[in-house]
Number of protein chains: 2
Amino acid sequence: MLGSAGEALSPVVRRHWADTHAFHASPGPSRLGDRGVAEYLDECRELVLDEIRQFLPESPRYRAILYDLMLEYPMRHAKALRPALCIAICRALGGPLEGVSKSAAVLEFYHNAFLIHDDIEDGSEKRRDGPTLHRSYGVPIAVNVGDAMLALALEPLLDNVRLLDLGKALRIMQLVARMARESAEGQALELSLVRERNWTLVDRDYLRLVHKKTTWYTFTTPLLIGAMVAGADEQLLAALRRYATALGLAFQIQDDALNLTADEGAYGKEILGDLWEGKHTLVLTHTMRSATPREAARARRILSKERAPRERPATKVAQTVARLAERGEIGESARIELLKACAETHDRRYRTLEDVEFLFSLVKKYDSIAYARGVARRRALRAEHSLERLSRRLSPSVHLDFLRGVTNYVIERER
Amino acid sequence: MLGSAGEALSPVVRRHWADTHAFHASPGPSRLGDRGVAEYLDECRELVLDEIRQFLPESPRYRAILYDLMLEYPMRHAKALRPALCIAICRALGGPLEGVSKSAAVLEFYHNAFLIHDDIEDGSEKRRDGPTLHRSYGVPIAVNVGDAMLALALEPLLDNVRLLDLGKALRIMQLVARMARESAEGQALELSLVRERNWTLVDRDYLRLVHKKTTWYTFTTPLLIGAMVAGADEQLLAALRRYATALGLAFQIQDDALNLTADEGAYGKEILGDLWEGKHTLVLTHTMRSATPREAARARRILSKERAPRERPATKVAQTVARLAERGEIGESARIELLKACAETHDRRYRTLEDVEFLFSLVKKYDSIAYARGVARRRALRAEHSLERLSRRLSPSVHLDFLRGVTNYVIERER
């Protein structure tokens, strides 16, 4: 494959490269074959990285302290699902690659900005096999990098006015504004549940949460933008929204299940991270309503704690206690009492390994992962049916094949 | 004055109210008189709050957890300097209020979103007489509220396409995108100085920092947008940029000086907050280069520490130590050693009151506040000259009077 993700592609290579890539294929008999969904994604990722590099300012002064940091998440092993969906639907409807590639890149850029801020909000430690941005550079810098990305994403959207007709360019901006608002409302809902220590969710509440915080920016907006660039009518756009809604749920539930079952190497995030963070998932919602009152009470106490900071501020004191005990300056009972005070300061406030293991034992006891996977599969099936009805209006092509393959990918993926 | 800031104004009242307000006055002989700059600002603030309320979604579900939080900072005693500058220049050039009021509101909204994120980045405690948003609701919610505001600000900018001609609406969006990028670059510069513990700034570095992090979004963008709506030519826009640059520096230096000299009640922020936060100011830059090597070394050590978290995690341990000593289970030397360990954990890492007092004593010793105020005054004078040259192209009016009054306001204000 020409042009690795790490290189800046010259315009010449880029044209050639685009011509030989799947997403550039004209509608016609399928060429996707067994190259599969993963390769389509990889190719879109390269295209999008190239677009992103083009709209990052060339600024020696700010490169090391700002612009390089914006590329950290995109350059890790990102899926590029959002731009691929945007490109595939556009191409399957006969729309031009040139008309959609900037918007696809903006979607990926927005996604990465959201991830940086979400990781801060959730206190996440790992993202795509590396430390989260705020763990590497601190919260202040990570907040600012996300803000700068949101600012930078506006400029290519304004460029669309030259590339597309004005009506389409404006509608894309409206869709992006709507997406950003829906995502923020979803995050607000999730954060308010955490803050209120509300663990009485029913499935419907969870589904609304996911629709807001994940579906809008992962499926709905990419598909609507891609289809709009290709000139889709309102009826088709409405059908795409239904398809996106079903697929979004399947995607997020698989995400939640993976967090509890994945192999750390393949997954790229912290295993059981959702339990450490006390996140609301369909899995945990099921566990909490299946648990005995006694189990549920203990789980609620654990979930009301915070995630521990990486440093234990009492360590220095504990060292002093040990030294004094060795010198015989404090007796055994005083030593124990002091160490208990050190530990209590920590354990009463922060979730411990024992806490997380208890939560996970409940998840297993009530088979909540299987329950959640069942819900995901039913939603994926619904998405499949939606796509089949839709597909009469799409040309047979590698792009349609990609869309058909995505449903399965969403519930079978390992990261 | 009709319509207090806390009320939603009915459309009828609003029309009447606008007609009787200064910023609605047509160009013509001045009416500002001794009502002064402060009242012009207050009136703009009311207009802008009204506009902001109109673009906040009516959403019972998200109101309490998101939209009410967006109004917290704007509803406190905000100056509304940015929208007032935008409106005044537009009106002084004969532009229509209706054409500029949405953009003015967007500028105020952006400003408040920046403040929320800046307060997190700087670890600030107080803003406009109240706790900072992250202190009230935690960092996760505050990050998200800021993001949601940035998202929401896009929609009224898109409405401008209907209200103004397309070219103007697009240029306003470009200016806002540029503003957001310049501000983020300024923040990146400031945060990188903090991270690198770099205290070797010369005045020129500080001036560049301020130009980026403050001037662009406080003066340059509001003035350019207001003038553009009124149809100003490139020459006038270039003159406005020079005026903005001088005024921005005077404004920020006064801000830095106020932080060290203001009366807490009038000021609305934490006195000496910049020293607690270890911020780069012209004052501290002057102090650091005036100090003896010994003083500078101690100051650098202090500035390399972090701001202490509000809770001291070792309190519980200290209580246990006291109890054990009382019961005679530990001797005096062990007690002292343990308490020292508790304190050291804290003091070696975090800035203490003694630290901040030392920094402040150096500031006073080298008269750095007077030095900074001198620089501010010279810049304000430069701004005054720029405005006088400009004013030949502006109609004599309350709006021009406001602009003339602003220079003095900027360096004389008490909050």
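Here is how names work: the chains are called A, B, and so on, in the same order as the sequence lines, proteins then strands, and each is numbered from 1.
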Between A/I65 and chain B, which part of the residue has a heavy atom less than 4.5 Å away: side chain, backbone, both or neither? both

Measure A/L189 against the heavy atoms of chain B and call it side chain, backbone, both or neither at under 4.5 Å. both

Can you tell me which portion of A/V139 sits under 4.5 Å from chain B's heavy atoms? Options are side chain, backbone, both or neither. side chain

Non-neighbouring partners of A/R323 that pass salt bridge (charged side-chain N to carboxylate O under 4.0 Å, His left out), sequence neighbours left out: B/E337

What I'd like to find out is whether the side chain of B/D147 reaches to under 4.5 Å of the side chain of A/D147, using heavy atoms alone. yes

Does a sphere of radius 6.0 Å around CD in A/E58 hold more than 12 heavy atoms from other residues, nucleotides or ligands, not counting ones at 6.0 Å or beyond? no

Around A/E196, counting heavy atoms of other residues, nucleotides and ligands shown, do more than 12 lie under 6.0 Å from its CD? yes

A/L150, A/L69, A/L166: which one forms the most heavy-atom pairs within less than 4.5 Å of chain B? A/L166

Mind checking which of residues 177-185 of chain A sit less than 4.5 Å from chain B, heavy atom to heavy atom? A/A177, A/R178, A/A180, A/R181, A/A184, A/E185

Taking it one step at a time, do B/H117 and A/H117 satisfy side chain to side chain contact (heavy atoms under 4.5 Å, CB included)? CA-CA 11 Å; B/H117 284 186; A/H117 284 186; 4.0 Å; yes

I'd like to check the ring-ring contact (aromatic ring centres under 6.0 Å, His included) partners of B/Y137; sequence neighbours left out, ordered by chain and number. none

Using the rule given for side chain to side chain contact (heavy atoms under 4.5 Å, CB included), can you reason through B/N144 versus A/D118, listing the C-alpha separation, both sets of side-chain angles and the distance that settles it, and then say yes or no? CA-CA 8 Å; B/N144 189 56; A/D118 283 4; over 6 Å; no

Rounded to the nearest 0.5 angstrom, the OG-CD1 distance for A/S192 and B/I141 is 7.0 Å

Sorted by number, residues from residues 168-176 of chain B in contact with chain A (heavy atoms, under 4.5 Å): B/L170, B/M173, B/Q174

Residue selection (most heavy-atom pairs with chain A, distance under 4.5 Å) from B/R61, B/Q187, B/E190: B/R61

More than 12 heavy atoms from other groups under 6.0 Å of CZ on B/R327: yes

Between B/S333, B/A64, B/G146, B/P140, which residue shows the highest count of heavy-atom pairs closer than 4.5 Å to chain A? B/P140

By a 4.5 Å heavy-atom criterion (distance strictly below it), what part of A/V161 contacts chain B: side chain, backbone, both, or neither? side chain

For B/A334 and A/I330, the nearest pair of non-hydrogen atoms, with its separation, is CB-CG2, 4.1 Å

Identify which of A/R195, A/E329, A/E155 forms the greatest number of heavy-atom pairs closer than 4.5 Å to chain B. A/R195

Heavy-atom distances under 4.5 Å only: say whether A/R208 touches chain B with side chain, backbone, both or neither. side chain

